[in-house]
Amino acid sequence: MSDNEKKSPAKELEEQLTYRTPDIAQKDPAEFEKAFDFCEPYKAFLTEIKTEREFAAKAAGMLREAGYTPFDETKAYKPGDKVYYENRSKAVIATTFGTKPLSEGIRLNAAHIDAPRLDLKANPLFERKGLAYFKPHYYGGLRKYQWTTIPLSLHGVIYKKDGEKITVRIGEDPADPVFYISDLLPHLAAHQNARRLSDGIRGEELNIIVGSLLYPDEDVKEPVKLKVLQLLHEKYGITEADFYRAELEVTAAGPARDVGFDRSLIAAVGHDDRVCAYPALRAEIDTVSPTYTTVTVLTDKEEIGSVGTTGLNSDYVLHYIEALADNAGVRVRQVLTHSLSLSSDVSAAYDPTFADVFEPNNSCYLGKGCVLSKYTGARGKSGSNDASAETMYKVIDIMNSNHVYWQAGEIGKVDEGGGGTVAQYIAHMDIDVVDLGVPVLAMHAPVEVVSKLDVYEAYKAFRAFYR
Ligand code: MN
Ligand code: MN
(Lines give C-alpha, C1' and ligand atoms only; values in the text may rest on other atoms or scores of the structure.)
(Ligands and ions follow the chains in the order given, each with its own letter.)
Protein backbone atom coordinates (compact mmCIF):
# COMPACT_ATOMS: atom_id res chain seq x y z
CA MET A 1 0.00 0.00 0.00
CA SER A 2 1.42 3.36 -0.98
CA ASP A 3 1.37 6.32 1.37
CA ASN A 4 -1.37 8.21 -0.41
CA GLU A 5 -3.69 5.14 -0.12
CA LYS A 6 -3.11 4.95 3.62
CA LYS A 7 -6.09 5.93 5.75
CA SER A 8 -5.79 9.24 7.51
CA PRO A 9 -5.72 9.12 11.33
CA ALA A 10 -9.09 10.81 11.36
CA LYS A 11 -10.55 8.17 9.06
CA GLU A 12 -9.10 5.42 11.21
CA LEU A 13 -10.47 6.98 14.36
CA GLU A 14 -13.85 7.35 12.71
CA GLU A 15 -13.91 3.67 11.76
CA GLN A 16 -12.84 2.69 15.25
CA LEU A 17 -15.32 4.81 17.19
CA THR A 18 -18.49 5.19 15.13
CA TYR A 19 -21.08 2.54 14.29
CA ARG A 20 -23.09 2.11 11.14
CA THR A 21 -25.57 -0.71 10.56
CA PRO A 22 -23.78 -2.97 8.05
CA ASP A 23 -25.09 -3.02 4.50
CA ILE A 24 -25.88 -6.65 3.66
CA ALA A 25 -25.57 -6.03 -0.09
CA GLN A 26 -22.00 -4.79 0.33
CA LYS A 27 -20.83 -7.14 3.05
CA ASP A 28 -22.44 -10.37 1.99
CA PRO A 29 -24.03 -10.50 -1.48
CA ALA A 30 -24.44 -14.31 -1.16
CA GLU A 31 -27.02 -13.64 1.56
CA PHE A 32 -29.52 -12.59 -1.14
CA GLU A 33 -29.68 -16.03 -2.69
CA LYS A 34 -30.23 -17.72 0.68
CA ALA A 35 -32.92 -15.18 1.56
CA PHE A 36 -34.70 -15.62 -1.76
CA ASP A 37 -34.66 -19.43 -1.30
CA PHE A 38 -35.95 -19.17 2.27
CA CYS A 39 -38.83 -16.95 1.18
CA GLU A 40 -40.29 -19.22 -1.52
CA PRO A 41 -41.93 -21.56 1.04
CA TYR A 42 -42.84 -18.50 3.15
CA LYS A 43 -44.78 -17.07 0.20
CA ALA A 44 -46.53 -20.40 -0.37
CA PHE A 45 -47.35 -20.54 3.35
CA LEU A 46 -48.86 -17.02 3.31
CA THR A 47 -50.90 -17.82 0.22
CA GLU A 48 -52.39 -20.77 2.07
CA ILE A 49 -52.71 -19.16 5.52
CA LYS A 50 -54.92 -16.13 6.13
CA THR A 51 -56.21 -16.61 9.68
CA GLU A 52 -54.98 -17.73 13.10
CA ARG A 53 -57.02 -20.95 12.82
CA GLU A 54 -55.50 -21.77 9.45
CA PHE A 55 -52.02 -20.98 10.83
CA ALA A 56 -52.50 -23.12 13.94
CA ALA A 57 -53.76 -26.09 11.93
CA LYS A 58 -50.93 -25.81 9.39
CA ALA A 59 -48.29 -25.38 12.13
CA ALA A 60 -49.55 -28.41 14.04
CA GLY A 61 -49.38 -30.45 10.84
CA MET A 62 -45.82 -29.26 10.10
CA LEU A 63 -44.78 -30.09 13.68
CA ARG A 64 -46.27 -33.59 13.51
CA GLU A 65 -44.54 -34.16 10.22
CA ALA A 66 -41.24 -33.11 11.82
CA GLY A 67 -41.69 -35.70 14.57
CA TYR A 68 -43.30 -33.60 17.31
CA THR A 69 -45.77 -35.45 19.55
CA PRO A 70 -48.47 -33.93 21.80
CA PHE A 71 -46.88 -32.93 25.13
CA ASP A 72 -47.67 -35.52 27.81
CA GLU A 73 -47.01 -34.29 31.36
CA THR A 74 -46.57 -37.85 32.62
CA LYS A 75 -43.89 -38.87 30.13
CA ALA A 76 -40.12 -38.58 30.64
CA TYR A 77 -38.35 -36.54 27.98
CA LYS A 78 -34.67 -36.45 27.02
CA PRO A 79 -32.61 -33.82 25.18
CA GLY A 80 -33.63 -33.55 21.55
CA ASP A 81 -37.20 -34.75 22.11
CA LYS A 82 -39.83 -32.62 20.43
CA VAL A 83 -43.36 -31.93 21.71
CA TYR A 84 -46.18 -29.52 20.95
CA TYR A 85 -49.41 -28.24 22.45
CA GLU A 86 -52.46 -26.77 20.71
CA ASN A 87 -54.61 -24.19 22.46
CA ARG A 88 -58.21 -24.25 21.19
CA SER A 89 -57.22 -24.47 17.50
CA LYS A 90 -55.93 -20.87 17.60
CA ALA A 91 -52.51 -21.01 19.24
CA VAL A 92 -49.66 -23.49 19.28
CA ILE A 93 -46.63 -24.05 21.52
CA ALA A 94 -43.69 -26.22 20.45
CA THR A 95 -40.66 -27.41 22.41
CA THR A 96 -37.35 -29.11 21.74
CA PHE A 97 -35.80 -30.35 24.98
CA GLY A 98 -32.30 -29.00 25.69
CA THR A 99 -29.20 -30.52 27.19
CA LYS A 100 -29.15 -28.12 30.15
CA PRO A 101 -31.55 -28.85 33.02
CA LEU A 102 -34.79 -26.88 33.01
CA SER A 103 -33.76 -25.22 36.28
CA GLU A 104 -31.31 -23.14 34.21
CA GLY A 105 -34.19 -21.66 32.26
CA ILE A 106 -35.76 -21.97 28.83
CA ARG A 107 -35.41 -20.02 25.61
CA LEU A 108 -38.85 -18.70 24.68
CA ASN A 109 -39.76 -17.14 21.33
CA ALA A 110 -43.28 -15.74 20.95
CA ALA A 111 -44.92 -14.44 17.78
CA HIS A 112 -48.58 -13.83 17.01
CA ILE A 113 -50.57 -15.46 14.25
CA ASP A 114 -53.67 -13.24 14.19
CA ALA A 115 -53.72 -10.20 11.89
CA PRO A 116 -55.97 -7.17 11.36
CA ARG A 117 -59.04 -8.06 9.32
CA LEU A 118 -62.81 -7.65 9.13
CA ASP A 119 -64.79 -10.03 11.35
CA LEU A 120 -68.43 -10.63 10.50
CA LYS A 121 -70.93 -9.42 13.09
CA ALA A 122 -73.06 -12.06 14.86
CA ASN A 123 -76.06 -11.26 12.66
CA PRO A 124 -74.24 -10.26 9.49
CA LEU A 125 -76.53 -10.80 6.49
CA PHE A 126 -78.83 -8.02 5.28
CA GLU A 127 -80.36 -6.69 2.08
CA ARG A 128 -80.58 -3.11 0.89
CA LYS A 129 -82.13 -2.04 -2.43
CA GLY A 130 -81.29 -5.16 -4.39
CA LEU A 131 -77.89 -6.00 -2.91
CA ALA A 132 -77.11 -8.50 -0.16
CA TYR A 133 -74.33 -7.62 2.28
CA PHE A 134 -72.34 -8.96 5.21
CA LYS A 135 -71.84 -6.47 8.04
CA PRO A 136 -68.40 -6.63 9.71
CA HIS A 137 -66.85 -5.26 12.86
CA TYR A 138 -63.18 -4.64 12.15
CA TYR A 139 -60.54 -6.51 14.17
CA GLY A 140 -57.38 -4.68 15.23
CA GLY A 141 -56.11 -1.24 14.34
CA LEU A 142 -56.78 -0.66 10.69
CA ARG A 143 -57.35 2.24 8.33
CA LYS A 144 -60.85 1.57 7.13
CA TYR A 145 -60.57 3.39 3.80
CA GLN A 146 -57.91 0.87 2.69
CA TRP A 147 -60.39 -2.01 2.74
CA THR A 148 -62.69 -0.79 -0.06
CA THR A 149 -62.59 -1.69 -3.78
CA ILE A 150 -60.29 -4.71 -3.40
CA PRO A 151 -61.13 -8.41 -3.81
CA LEU A 152 -61.91 -9.98 -0.43
CA SER A 153 -62.02 -13.57 0.79
CA LEU A 154 -63.99 -15.23 3.58
CA HIS A 155 -62.43 -17.65 6.08
CA GLY A 156 -63.65 -19.30 9.24
CA VAL A 157 -65.89 -21.80 10.92
CA ILE A 158 -69.61 -22.22 11.53
CA TYR A 159 -71.13 -24.64 14.05
CA LYS A 160 -74.54 -26.06 13.26
CA LYS A 161 -76.95 -26.69 16.09
CA ASP A 162 -76.08 -30.39 16.15
CA GLY A 163 -72.42 -29.49 16.71
CA GLU A 164 -71.22 -30.17 13.20
CA LYS A 165 -68.32 -27.87 12.31
CA ILE A 166 -68.29 -26.28 8.86
CA THR A 167 -65.02 -24.85 7.59
CA VAL A 168 -65.35 -21.91 5.22
CA ARG A 169 -62.73 -20.69 2.78
CA ILE A 170 -63.95 -18.78 -0.26
CA GLY A 171 -62.08 -16.34 -2.48
CA GLU A 172 -58.54 -17.75 -2.57
CA ASP A 173 -58.93 -20.29 -5.37
CA PRO A 174 -58.84 -18.39 -8.68
CA ALA A 175 -62.09 -20.19 -9.59
CA ASP A 176 -63.83 -18.87 -6.43
CA PRO A 177 -65.93 -15.74 -6.29
CA VAL A 178 -64.61 -12.90 -4.11
CA PHE A 179 -66.39 -10.25 -2.02
CA TYR A 180 -66.22 -6.48 -2.30
CA ILE A 181 -66.74 -3.23 -0.38
CA SER A 182 -67.70 -0.30 -2.57
CA ASP A 183 -66.48 3.29 -2.36
CA LEU A 184 -67.82 6.41 -4.04
CA LEU A 185 -66.90 7.33 -7.58
CA PRO A 186 -64.90 10.61 -7.77
CA HIS A 187 -67.79 12.26 -9.61
CA LEU A 188 -69.96 12.07 -6.49
CA ALA A 189 -67.32 12.23 -3.78
CA ALA A 190 -67.27 16.00 -3.18
CA HIS A 191 -68.69 15.70 0.34
CA GLN A 192 -66.82 12.52 1.23
CA ASN A 193 -63.58 14.13 0.02
CA ALA A 194 -64.04 16.84 2.64
CA ARG A 195 -64.08 14.29 5.45
CA ARG A 196 -60.92 13.73 7.44
CA LEU A 197 -58.96 10.69 6.20
CA SER A 198 -59.63 8.81 9.46
CA ASP A 199 -63.33 9.29 8.75
CA GLY A 200 -63.11 8.74 4.97
CA ILE A 201 -64.80 5.36 5.27
CA ARG A 202 -66.74 4.79 8.48
CA GLY A 203 -67.08 1.49 10.30
CA GLU A 204 -70.72 1.11 9.31
CA GLU A 205 -69.88 1.89 5.67
CA LEU A 206 -67.78 -1.29 5.40
CA ASN A 207 -70.63 -3.25 3.86
CA ILE A 208 -69.42 -6.38 2.10
CA ILE A 209 -71.30 -7.24 -1.10
CA VAL A 210 -72.23 -10.94 -1.17
CA GLY A 211 -75.00 -11.12 -3.80
CA SER A 212 -77.37 -9.37 -6.17
CA LEU A 213 -79.59 -12.10 -7.62
CA LEU A 214 -83.06 -12.39 -6.18
CA TYR A 215 -85.18 -15.34 -5.25
CA PRO A 216 -87.93 -15.19 -7.90
CA ASP A 217 -91.09 -14.87 -5.82
CA GLU A 218 -93.07 -11.68 -5.24
CA ASP A 219 -94.14 -12.82 -1.77
CA VAL A 220 -90.61 -12.67 -0.43
CA LYS A 221 -89.74 -9.48 1.46
CA GLU A 222 -85.96 -9.74 1.04
CA PRO A 223 -85.44 -11.86 -2.07
CA VAL A 224 -81.69 -11.19 -2.53
CA LYS A 225 -80.96 -12.14 1.06
CA LEU A 226 -83.07 -15.26 0.63
CA LYS A 227 -81.17 -16.20 -2.53
CA VAL A 228 -77.87 -15.95 -0.63
CA LEU A 229 -79.29 -18.04 2.21
CA GLN A 230 -80.50 -20.61 -0.30
CA LEU A 231 -77.00 -20.88 -1.81
CA LEU A 232 -75.40 -21.12 1.64
CA HIS A 233 -77.86 -23.83 2.59
CA GLU A 234 -77.08 -25.78 -0.57
CA LYS A 235 -73.32 -25.50 -0.04
CA TYR A 236 -73.02 -25.80 3.76
CA GLY A 237 -76.42 -26.92 5.01
CA ILE A 238 -76.64 -23.80 7.21
CA THR A 239 -79.45 -21.38 8.02
CA GLU A 240 -79.29 -17.75 9.16
CA ALA A 241 -79.40 -18.79 12.84
CA ASP A 242 -76.08 -20.62 12.40
CA PHE A 243 -74.22 -17.30 11.99
CA TYR A 244 -74.60 -16.86 15.77
CA ARG A 245 -72.30 -19.89 16.18
CA ALA A 246 -69.70 -18.73 13.66
CA GLU A 247 -66.34 -17.00 13.46
CA LEU A 248 -65.98 -15.62 9.95
CA GLU A 249 -63.08 -13.40 8.94
CA VAL A 250 -62.65 -11.30 5.79
CA THR A 251 -59.18 -10.60 4.39
CA ALA A 252 -57.76 -9.41 1.10
CA ALA A 253 -57.97 -12.23 -1.44
CA GLY A 254 -55.07 -13.58 -3.43
CA PRO A 255 -51.55 -14.97 -3.17
CA ALA A 256 -48.32 -13.52 -1.82
CA ARG A 257 -46.40 -11.84 -4.66
CA ASP A 258 -42.89 -10.59 -5.33
CA VAL A 259 -42.54 -6.81 -5.54
CA GLY A 260 -40.07 -4.91 -7.71
CA PHE A 261 -38.05 -5.64 -10.83
CA ASP A 262 -35.47 -7.24 -8.54
CA ARG A 263 -38.12 -9.31 -6.69
CA SER A 264 -36.54 -8.28 -3.39
CA LEU A 265 -39.79 -7.59 -1.54
CA ILE A 266 -42.99 -9.55 -0.82
CA ALA A 267 -46.51 -8.14 -0.84
CA ALA A 268 -48.95 -10.30 1.12
CA VAL A 269 -51.79 -10.44 3.60
CA GLY A 270 -50.82 -10.65 7.27
CA HIS A 271 -47.03 -10.31 7.33
CA ASP A 272 -47.78 -8.85 10.78
CA ASP A 273 -46.97 -11.16 12.41
CA ARG A 274 -46.60 -14.29 10.31
CA VAL A 275 -43.32 -12.82 9.04
CA CYS A 276 -42.03 -13.60 12.54
CA ALA A 277 -44.27 -16.60 13.33
CA TYR A 278 -43.25 -18.53 10.20
CA PRO A 279 -39.46 -18.12 10.73
CA ALA A 280 -40.03 -18.89 14.44
CA LEU A 281 -41.79 -22.12 13.52
CA ARG A 282 -39.10 -23.03 10.98
CA ALA A 283 -36.33 -22.27 13.51
CA GLU A 284 -38.09 -24.43 16.12
CA ILE A 285 -38.42 -27.35 13.69
CA ASP A 286 -34.82 -26.98 12.44
CA THR A 287 -33.39 -26.95 15.99
CA VAL A 288 -31.93 -30.38 16.67
CA SER A 289 -30.09 -30.42 19.99
CA PRO A 290 -30.40 -27.08 21.76
CA THR A 291 -28.55 -26.19 24.95
CA TYR A 292 -31.63 -24.69 26.58
CA THR A 293 -35.11 -26.16 26.18
CA THR A 294 -37.00 -24.17 23.55
CA VAL A 295 -40.55 -22.88 23.87
CA THR A 296 -41.90 -21.47 20.61
CA VAL A 297 -45.24 -19.72 21.14
CA LEU A 298 -47.52 -18.93 18.20
CA THR A 299 -50.27 -16.94 19.84
CA ASP A 300 -53.59 -15.36 18.98
CA LYS A 301 -55.36 -12.06 19.77
CA GLU A 302 -52.30 -9.80 19.89
CA GLU A 303 -53.98 -7.29 17.60
CA ILE A 304 -56.78 -6.62 20.08
CA GLY A 305 -54.72 -6.58 23.27
CA SER A 306 -53.80 -10.26 23.77
CA VAL A 307 -57.24 -10.89 25.27
CA GLY A 308 -59.13 -14.16 25.61
CA THR A 309 -57.97 -17.67 26.41
CA THR A 310 -55.83 -17.82 23.25
CA GLY A 311 -54.09 -14.46 23.81
CA LEU A 312 -50.98 -14.00 25.93
CA ASN A 313 -52.88 -12.15 28.64
CA SER A 314 -54.23 -15.62 29.48
CA ASP A 315 -52.06 -17.97 31.56
CA TYR A 316 -51.89 -20.74 28.97
CA VAL A 317 -48.16 -20.29 28.33
CA LEU A 318 -47.45 -20.13 32.07
CA HIS A 319 -49.44 -23.33 32.55
CA TYR A 320 -47.44 -24.99 29.79
CA ILE A 321 -44.13 -23.97 31.39
CA GLU A 322 -45.50 -25.15 34.76
CA ALA A 323 -46.24 -28.51 33.20
CA LEU A 324 -42.68 -28.66 31.79
CA ALA A 325 -41.31 -27.79 35.24
CA ASP A 326 -43.52 -30.34 37.03
CA ASN A 327 -42.51 -32.92 34.47
CA ALA A 328 -38.81 -32.23 35.16
CA GLY A 329 -39.34 -31.99 38.93
CA VAL A 330 -38.22 -28.36 39.26
CA ARG A 331 -39.99 -25.28 40.58
CA VAL A 332 -41.55 -23.21 37.83
CA ARG A 333 -40.37 -19.97 39.46
CA GLN A 334 -36.80 -21.13 39.07
CA VAL A 335 -37.38 -21.89 35.39
CA LEU A 336 -39.01 -18.52 34.69
CA THR A 337 -36.48 -16.32 36.41
CA HIS A 338 -33.56 -17.94 34.56
CA SER A 339 -35.19 -17.81 31.15
CA LEU A 340 -34.59 -15.54 28.19
CA SER A 341 -37.24 -14.63 25.63
CA LEU A 342 -37.79 -12.92 22.33
CA SER A 343 -41.05 -11.16 21.63
CA SER A 344 -40.98 -11.52 17.89
CA ASP A 345 -43.15 -8.94 16.21
CA VAL A 346 -42.89 -6.53 13.33
CA SER A 347 -41.78 -2.92 13.44
CA ALA A 348 -42.56 -0.05 11.09
CA ALA A 349 -40.08 0.15 8.23
CA TYR A 350 -38.85 3.66 7.43
CA ASP A 351 -40.97 4.95 4.58
CA PRO A 352 -39.18 7.62 2.50
CA THR A 353 -42.55 8.82 1.16
CA PHE A 354 -43.72 9.60 4.70
CA ALA A 355 -40.34 10.46 6.20
CA ASP A 356 -41.91 13.04 8.56
CA VAL A 357 -43.11 10.47 11.08
CA PHE A 358 -39.77 8.65 11.40
CA GLU A 359 -36.60 9.49 13.30
CA PRO A 360 -33.97 8.34 10.80
CA ASN A 361 -31.27 7.36 13.33
CA ASN A 362 -33.65 5.14 15.30
CA SER A 363 -35.78 3.62 12.56
CA CYS A 364 -35.48 0.26 10.88
CA TYR A 365 -35.07 -0.01 7.11
CA LEU A 366 -36.19 -2.60 4.57
CA GLY A 367 -33.34 -4.92 3.65
CA LYS A 368 -31.03 -4.12 6.56
CA GLY A 369 -31.85 -7.20 8.62
CA CYS A 370 -34.12 -8.08 11.51
CA VAL A 371 -34.93 -5.30 13.96
CA LEU A 372 -34.17 -5.24 17.68
CA SER A 373 -36.35 -2.88 19.74
CA LYS A 374 -35.37 -2.25 23.35
CA TYR A 375 -38.84 -0.89 23.97
CA THR A 376 -42.11 -0.27 22.15
CA GLY A 377 -45.18 1.52 23.45
CA ALA A 378 -46.45 5.07 23.13
CA ARG A 379 -46.45 8.35 25.08
CA GLY A 380 -43.33 7.68 27.17
CA LYS A 381 -42.97 3.91 26.56
CA SER A 382 -46.42 3.14 28.00
CA GLY A 383 -47.50 -0.42 27.18
CA SER A 384 -43.89 -1.40 26.66
CA ASN A 385 -41.58 -3.95 28.28
CA ASP A 386 -38.35 -1.91 28.05
CA ALA A 387 -35.65 -4.56 27.98
CA SER A 388 -32.69 -4.12 30.30
CA ALA A 389 -29.14 -3.44 29.13
CA GLU A 390 -28.31 -6.94 30.41
CA THR A 391 -30.96 -8.50 28.14
CA MET A 392 -29.81 -6.37 25.20
CA TYR A 393 -26.25 -7.56 25.81
CA LYS A 394 -27.27 -11.22 25.78
CA VAL A 395 -29.39 -11.01 22.62
CA ILE A 396 -26.94 -8.81 20.67
CA ASP A 397 -24.13 -11.16 21.61
CA ILE A 398 -26.12 -14.16 20.31
CA MET A 399 -26.78 -12.38 17.00
CA ASN A 400 -23.25 -11.07 16.52
CA SER A 401 -21.64 -14.42 17.27
CA ASN A 402 -23.87 -16.05 14.67
CA HIS A 403 -23.43 -13.50 11.86
CA VAL A 404 -27.01 -12.29 11.97
CA TYR A 405 -27.60 -8.96 10.23
CA TRP A 406 -29.67 -6.86 12.56
CA GLN A 407 -30.58 -3.24 13.10
CA ALA A 408 -32.05 -1.32 16.00
CA GLY A 409 -35.28 0.56 15.58
CA GLU A 410 -38.33 2.01 17.22
CA ILE A 411 -41.68 2.69 15.66
CA GLY A 412 -41.45 6.30 14.51
CA LYS A 413 -40.85 9.65 16.20
CA VAL A 414 -41.58 10.20 19.89
CA ASP A 415 -45.27 11.08 20.35
CA GLU A 416 -46.06 10.42 16.69
CA GLY A 417 -47.95 7.27 17.70
CA GLY A 418 -46.65 3.89 18.76
CA GLY A 419 -47.82 0.40 19.59
CA GLY A 420 -47.29 -2.50 21.96
CA THR A 421 -46.39 -6.16 21.61
CA VAL A 422 -46.71 -9.35 23.67
CA ALA A 423 -43.41 -8.56 25.43
CA GLN A 424 -45.23 -7.11 28.45
CA TYR A 425 -47.12 -10.39 29.03
CA ILE A 426 -43.92 -12.44 28.86
CA ALA A 427 -42.24 -10.03 31.29
CA HIS A 428 -45.29 -10.44 33.56
CA MET A 429 -44.26 -14.09 34.03
CA ASP A 430 -40.84 -12.88 35.32
CA ILE A 431 -39.01 -13.76 32.08
CA ASP A 432 -36.45 -11.35 30.60
CA VAL A 433 -37.61 -10.43 27.13
CA VAL A 434 -36.81 -8.12 24.24
CA ASP A 435 -38.61 -7.34 20.98
CA LEU A 436 -37.02 -8.69 17.82
CA GLY A 437 -38.81 -8.74 14.48
CA VAL A 438 -39.02 -7.72 10.86
CA PRO A 439 -39.56 -4.24 9.36
CA VAL A 440 -42.91 -3.94 7.55
CA LEU A 441 -44.02 -1.29 5.07
CA ALA A 442 -47.71 -0.28 5.24
CA MET A 443 -48.29 -2.30 8.42
CA HIS A 444 -51.95 -3.27 9.01
CA ALA A 445 -52.93 -2.53 5.41
CA PRO A 446 -54.87 -5.32 3.65
CA VAL A 447 -51.63 -6.13 1.80
CA GLU A 448 -48.31 -5.37 3.53
CA VAL A 449 -44.71 -5.41 2.26
CA VAL A 450 -41.51 -6.89 3.71
CA SER A 451 -37.97 -7.50 2.44
CA LYS A 452 -36.86 -11.08 1.80
CA LEU A 453 -33.49 -10.31 3.38
CA ASP A 454 -35.11 -9.28 6.65
CA VAL A 455 -37.31 -12.40 6.78
CA TYR A 456 -34.22 -14.57 6.39
CA GLU A 457 -32.23 -12.65 9.01
CA ALA A 458 -35.12 -13.11 11.47
CA TYR A 459 -34.94 -16.84 10.83
CA LYS A 460 -31.17 -16.75 11.40
CA ALA A 461 -31.65 -14.82 14.63
CA PHE A 462 -34.22 -17.35 15.90
CA ARG A 463 -31.94 -20.26 14.97
CA ALA A 464 -29.05 -18.60 16.80
CA PHE A 465 -31.25 -17.94 19.83
CA TYR A 466 -32.00 -21.68 20.10
CA ARG A 467 -28.44 -22.88 19.38
MN1 MN B 1 -47.75 -7.56 15.37
MN1 MN C 1 -50.03 -5.50 14.41
Side-chain angles (χ1 to χ4, degrees), residues 49-54 90 114-161 164-185 192 199-215 220-254 269-270 300-301 303-304 444-447:
I49 298 307
K50 296 284 179 85
T51 69
E52 62 286 354
R53 277 180 192 270
E54 290 174 358
K90 293 188 192 186
D114 63 319
R117 63 191 188 235
L118 306 176
D119 283 347
L120 295 197
K121 288 190 182 185
N123 180 22
L125 183 60
F126 69 99
E127 173 175 343
R128 197 181 287 162
K129 299 283 182 198
L131 287 175
Y133 294 99
F134 276 156
K135 187 63 111 170
H137 192 140
Y138 63 98
Y139 173 98
L142 51 81
R143 308 186 76 190
K144 294 179 274 284
Y145 73 89
Q146 294 177 337
W147 291 73
T148 63
T149 69
I150 56 171
L152 300 168
S153 59
L154 182 69
H155 300 248
V157 297
I158 304 167
Y159 278 90
K160 289 158 75 170
K161 67 169 177 255
E164 187 195 345
K165 177 183 169 183
I166 310 287
T167 302
V168 176
R169 183 186 164 86
I170 306 175
E172 301 300 347
D173 189 317
D176 283 352
V178 294
F179 307 96
Y180 186 84
I181 299 170
S182 67
D183 193 3
L184 271 176
L185 59 169
Q192 189 197 30
D199 197 36
I201 292 289
R202 296 172 180 143
E204 293 293 348
E205 290 170 342
L206 292 171
N207 295 321
I208 303 161
I209 296 174
V210 297
S212 69
L213 288 183
L214 48 88
Y215 187 89
V220 180
K221 232 168 65 192
E222 295 179 307
V224 188
K225 175 178 166 180
L226 187 64
K227 183 73 190 174
V228 168
L229 283 171
Q230 185 191 26
L231 292 168
L232 286 172
H233 190 258
E234 278 168 17
K235 189 170 169 69
Y236 300 114
I238 59 164
T239 70
E240 191 175 21
D242 292 320
F243 283 121
Y244 291 111
R245 286 181 294 263
E247 275 183 316
L248 293 165
E249 306 178 9
V250 173
T251 75
V269 170
D300 182 29
K301 290 287 188 282
E303 294 295 356
I304 58 168
H444 287 200
V447 175

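Here the structure is a predicted model, which means the values were calculated and not measured.
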Answer whether the closest heavy-atom distance between the side chains of [X] and [Y] falls below 4.5 Å.
X	Y	value
Tyr139	Glu249	no
Ile201	Gln192	yes
Phe126	Asn207	yes

How close do [X] and [Y] get, counting heavy atoms only, and between which atoms?
X	Y	value
Thr251	Trp147	CA-CZ3, 4.2 Å
Tyr236	Ile166	CD2-CG2, 3.3 Å
Gly211	Val224	O-CG1, 3.7 Å
Ala132	Val228	CB-CG2, 3.8 Å
Gly171	Ala253	O-CB, 3.3 Å
Val447	Ala252	CG2-CB, 4.1 Å

Partner set under side chain to side chain contact (heavy atoms under 4.5 Å, CB included) for [X], not counting sequence neighbours:
X	result
Ile209	Leu131, Tyr133, Tyr180
Asp242	Ile158, Lys160, Ile238, Thr239, Arg245
Asn123	Glu240, Tyr244
Gln146	Arg143, Ala445, Pro446

Is the backbone N or O of Gly141 less than 3.5 Å from a side-chain atom of Glu303, with the two atoms forming a donor-acceptor pair by type?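 No, the answer is negative, given that no donor and acceptor are paired below the 3.5 Å cut-off.
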To the closest 0.5 Å, what do you measure between CD1 (Ile49) and NE2 (His155)?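 Separation between the atoms: 9.5 Å.
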Could you state the interatomic distance from CG (Leu125) to NZ (Lys135), rounded to the nearest 0.5 Å? 12.0 Å
Show your working on side-chain contact (heavy atoms from CB on, under 4.5 Å) between Arg117 and Thr51 and close with a plain yes or no. CA-CA 9 Å; Arg117 63 191 188 235; Thr51 69; 5.7 Å; no
Charged N to carboxylate O below 4.0 Å: is that the case for Lys227 and Glu127? no
Does the pair Leu120 and Ile208 meet the rule for a side-chain contact (heavy atoms from CB on, under 4.5 Å), with working shown? CA-CA 9 Å; Leu120 295 197; Ile208 303 161; 4.1 Å; yes
Are Val178 and Leu152 close enough, and set up right, to give a side-chain contact (heavy atoms from CB on, under 4.5 Å), and what steps lead you there? CA-CA 5 Å; Val178 294; Leu152 300 168; 5.8 Å; no
Return each pair, listed once, that meets salt bridge (Lys or Arg N to Asp or Glu O under 4.0 Å) where at least one residue sits in residues 168-182; pairs must be two or more places apart or across chains. Lys50-Glu172, Glu54-Arg169
For Phe179 and Ile170, what are the C-alpha separation, side-chain angles and deciding distance, and is it a side-chain contact (heavy atoms from CB on, under 4.5 Å)? CA-CA 9 Å; Phe179 307 96; Ile170 306 175; 4.1 Å; yes
Quick one: list whatever passes ring pair (Phe, Tyr, Trp, His ring centres under 6.0 Å) with Phe243, sequence neighbours left out.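 Ring pair (Phe, Tyr, Trp, His ring centres under 6.0 Å) check on Phe243 returns Phe134.
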